[in-house]
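Below is one structure; the comments refer to it alone.
Numbering of ligands and ligand atoms starts at 1, following listing order. Everything numeric here is computed off the predicted structure, so don't read it as measured data.
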Amino acid sequence: MYVVNADEMRKLDRHTIDQIGIPALVLMENAGRATAEEAAAYDGRRLRRFAVLAGKGNNGADGAVAARHLLEAGCTAELIYADDPAALQSEAAQQRDIAGKLGIPIIRYAAGHIMWHRYDGIIDALLGTGSRGVPRGDYAGLIREANASGLPVIALDIPSGLDADTGEAYEPCIQADVTVALAFTKCGLEQEPGARLAGRVVVRPIGIPAGLAAAFGVRTYRIDEQLLTDRLGLPQYERRSANAHKGTYGHALLAAGSRPMAGAGLLCAAAALRTGSGLVTWALPDALLAPMLGRLPEAMLRGMADAGRGDWSAVAPQSLYELAEDKAALAFGPGAGRWPGDAEWLRSVWTNTRCPLVLDADALNMIAAADDFAAWPRRTAPVVMTPHPGEMARLCGLDTAAVQRDRIRIARGYAVRHGVTLVLKGARTVVACPDGDVYINVTGNPGMATGGTGDVLTGIITGLLAQGFTATQAAALGVYLHGAAGDRAASGRMYTASLLAGDLLDVW
Ligand SMILES: NC(=O)C1=CN([C@@H]2O[C@H](COP(=O)(O)OP(=O)(O)OC[C@H]3O[C@@H](n4cnc5c(N)ncnc54)[C@H](O)[C@@H]3O)[C@@H](O)[C@H]2O)[C@H](O)CC1
Ligand SMILES: [K+]
């Protein structure tokens, strides 16, 4: 499913009108009718009396059309404008006049004068993809009163006050129960807090040919079963040949864990096995080998000479890249810890290994600390990096809040600049590819915000790479399966918060 930003939507809109010749009024009619249909059907058709909050742009014009179609559906509707209705222009003025001729009351908003008890529901047609920044003047007042009314809200295209590109919510922002996304879902509806403020998102066609998205270079996708199957090859994952043997599905190498954080390696290795990797070797500091023996009998353990330190600081990098020579994928970082000179250590592993490489946790902090990462040699085999927002902030020299305000753009920029597949974790994980494609994951739940779930994801992605999936497939499918496992594990628990990372391994 394509996901568009405001600029892409504007271009698709204009091309449809100017080049294909579908008049704006036709698109508007379809937009308004779709919104009215969703509103009239909401909650078992319980809502009958609507306040349609309208701005002066085309979002408001769509709202005036919706008001008309609500009448046709046996409802009542009143148009409440955040601007002087007499100042409206072009299509917005046209739609206002048509609504007026059909007896729909045209009301100018005045703070504290709206009698909200007269309505059952609200249509938010104040601001759409043309909105910029904090809602101004009466737009803000109307948004606050609508939110305070306690009435169900159906947002037209996007909740007013939401950034259509990033999902950032300005103050105030409409809290919608349903958002009728016109033609395509928007980036801002697929990232938090936008996803929460949008409520249930319904994408409704309005006449813009869906095939235009590809033609216009839209490169952002929402991961769903169809995309995984059509674009990323999910059937390949589910189907196994009858004469398969463990060599068929690759050998994954997980270099992870150190004395205080041995469990990270255990979770990684177990996840790689669960994902179907034929063989798994867990490389860990020698001092940890004995206590870890038998904890995961299905994995082969390989102690790395650590001078008794129980961490990676004395492990010769050559010993790791020699071990990686016959492996199908290597992951490094979970529970690895830091030590002086670790960035140089990692650079030599980066340079001297030939298989796909997954870097997570402290490996990412090492890269963030390296002042010459941009000069590291481009690897022929792919690299997948899996930062959480804090690690991403360190990689980009930003603060975490700045990363969270613009996740898609920041992840895409980093992936393209460094030629890596970048998995920016968090709610609605963003998978950004070196070619600029971005996939947004919608599985998962807040219970997964607990230690170790990142280690599980690293193991999943490494296990998929070991089976021969491409970096894009392994990352997109990996985050989807990881979140789905988290949802299934949470459904069996009394509280989402009680979820443990290990629970994700028992539901495959
Ligand atoms: N193909 C489609 O998606 C179609 C979309 N349509 C609708 O058009 C809007 C976008 O309309 P546009 O006129 O570009 O902008 P808006 O209506 O979103 O509002 C802009 C309007 O409001 C003023 N404004 C901007 N920011 C603020 C602010 N922070 N506070 C106050 N006022 C603000 C600005 O000056 C403009 O006047 C899209 O969402 C759809 O609903 C088409 O109608 C059908 C095809
Ligand atoms: K809106």
Self-check item: Heavy-atom pair with the smallest gap, counting every atom of Val431 and Ala475
Solution: CG1-CB, 3.7 Å
Quiz prompt | atom 1 (N) of ligand 1: the protein heavy-atom neighbour that sits closest, reported with distance to 0.1 Å | solution = Ile208 CD1, 2.9 Å
Quiz item: Got a donor-acceptor contact below 3.5 angstrom from the Gln191 side chain to the Arg428 backbone?
Solution: yes
Quiz item: At what distance is the nearest protein heavy atom to atom 2 (C) of ligand 1, and which residue and atom is it?
Solution: Ile206 CD1, 3.6 Å
Quiz item: Quick one: which ligand 1 atoms are inside 4.0 Å of a heavy atom on Gly57?
Solution: 13 (O), 17 (O)
Quiz item: Which residue holds the protein heavy atom closest to atom 35 (O) of ligand 1, what is that atom called, and what is the gap in Å?
Solution: Lys56 CE, 3.7 Å
Quiz prompt | Ring geometry between Phe373 and Tyr414 (parallel below 30°, tilted from 30 to 60°, perpendicular above 60°) | solution = parallel
Quiz item: Considering only protein heavy atoms, which is closest to atom 7 (C) of ligand 1, and at what distance to one decimal place?
Solution: Asp62 OD2, 3.1 Å
Quiz prompt | ligand 1 contacted by Ala61 (non-hydrogen, < 4.0 Å) | solution = no
Quiz item: So which heavy atom in the protein is nearest atom 39 (O) of ligand 1, and how far is it from that ligand atom?
Solution: Asp157 OD2, 2.8 Å
Self-check item: Closest protein heavy atom (residue, atom, distance) for atom 22 (O) of ligand 1
Solution: Leu127 CD2, 3.5 Å
Exercise. Check Ala393 against Thr400 and note the closest heavy-atom contact, atom names and distance.
Key: CB-N, 3.7 Å
Quiz item: Taking the minimum heavy-atom distance to atom 18 (O) of ligand 1, which of Ser90, Pro135, Gly207, Gly128 ranks first?
Solution: Gly128
Quiz item: Do any nitrogen or oxygen atoms of Val134 lie less than 3.5 angstrom from nitrogen or oxygen atoms of ligand 1?
Solution: yes
Quiz prompt | Sub-4.0 Å atoms of ligand 1 with respect to non-hydrogen atoms of Met28 | solution = 43 (O)
Quiz item: Has Leu126 got an N, O or S atom lying less than 3.4 Å from the K ion (ligand 2)?
Solution: no
Exercise. Within a distance under 4.0 Å of any heavy atom of Leu156, pick out the atoms of ligand 1 and give their elements.
Key: 41 (O)
Quiz item: the K ion (ligand 2) as vertex, arms to OD1 of Asn59 and O of Asp124: angle to 10°?
Solution: 90°
Self-check item: Over-ring placement of Arg231 relative to Tyr221, 6.0 Å and 45° cut-offs
Solution: yes
Quiz prompt | N, O or S from Leu127 under 3.4 Å to the K ion (ligand 2) | solution = yes
Quiz item: What atoms in ligand 1 come closer than 4.0 Å to a heavy atom of Gly133?
Solution: 29 (N)
Practice problem: Could you give me the CA-CA distance, side-chain angles and deciding distance for Asp165 and Arg409, then say whether salt bridge (charged side-chain N to carboxylate O under 4.0 Å, His left out) is met? | Solution: CA-CA 9 Å; Asp165 292 353; Arg409 187 183 62 80; over 6 Å; no
Practice problem: Would you check if the K ion (ligand 2) lies under 3.4 Å from any N, O or S atom of Ile158? | Solution: yes
Quiz item: Backbone, side chain, both or neither: what part of Arg10 comes under 4.0 angstrom of ligand 1, heavy atoms only?
Solution: neither
Quiz item: To which protein heavy atom is atom 14 (O) of ligand 1 closest, and what is the distance rounded to 0.1 Å?
Solution: Gly130 CA, 3.7 Å
Exercise. Determine, for Arg46 against Asp120, whether the closest basic-nitrogen to carboxylate-oxygen distance falls under 4.0 angstrom.
Key: no
Quiz item: In terms of residue, atom name and distance, what is the protein heavy atom nearest to atom 28 (C) of ligand 1?
Solution: Arg136 NH1, 3.6 Å
Quiz item: Side-chain donor-acceptor pair under 3.5 Å between Tyr2 and Glu8, yes or no?
Solution: no
Quiz item: Which is closest to atom 12 (P) of ligand 1 by heavy-atom distance: Ile22, Val4, Val65, Asn58?
Solution: Asn58
Self-check item: Ion pair check, Arg219 and Asp435, cut-off under 4.0 Å
Solution: yes
Quiz prompt | Sidechain N-carboxylate O distance under 4.0 Å for Lys11, Asp7 | solution = yes
Quiz item: Considering only heavy atoms from C-beta outward, does the side chain of Leu464 approach that of Leu477 to under 4.5 Å?
Solution: yes
Practice problem: Give a yes/no answer: is there an N/O/S atom of Ser160 under 3.4 Å from the K ion (ligand 2)? | Solution: yes
Exercise. State whether a side-chain donor-acceptor pair under 3.5 Å links Asp360 with Thr386.
Key: yes
Quiz item: Going through the distances and angles, do Arg144 and Glu171 end up as a salt bridge (charged side-chain N to carboxylate O under 4.0 Å, His left out)?
Solution: CA-CA 9 Å; Arg144 287 198 182 93; Glu171 172 49 38; 3.6 Å; yes
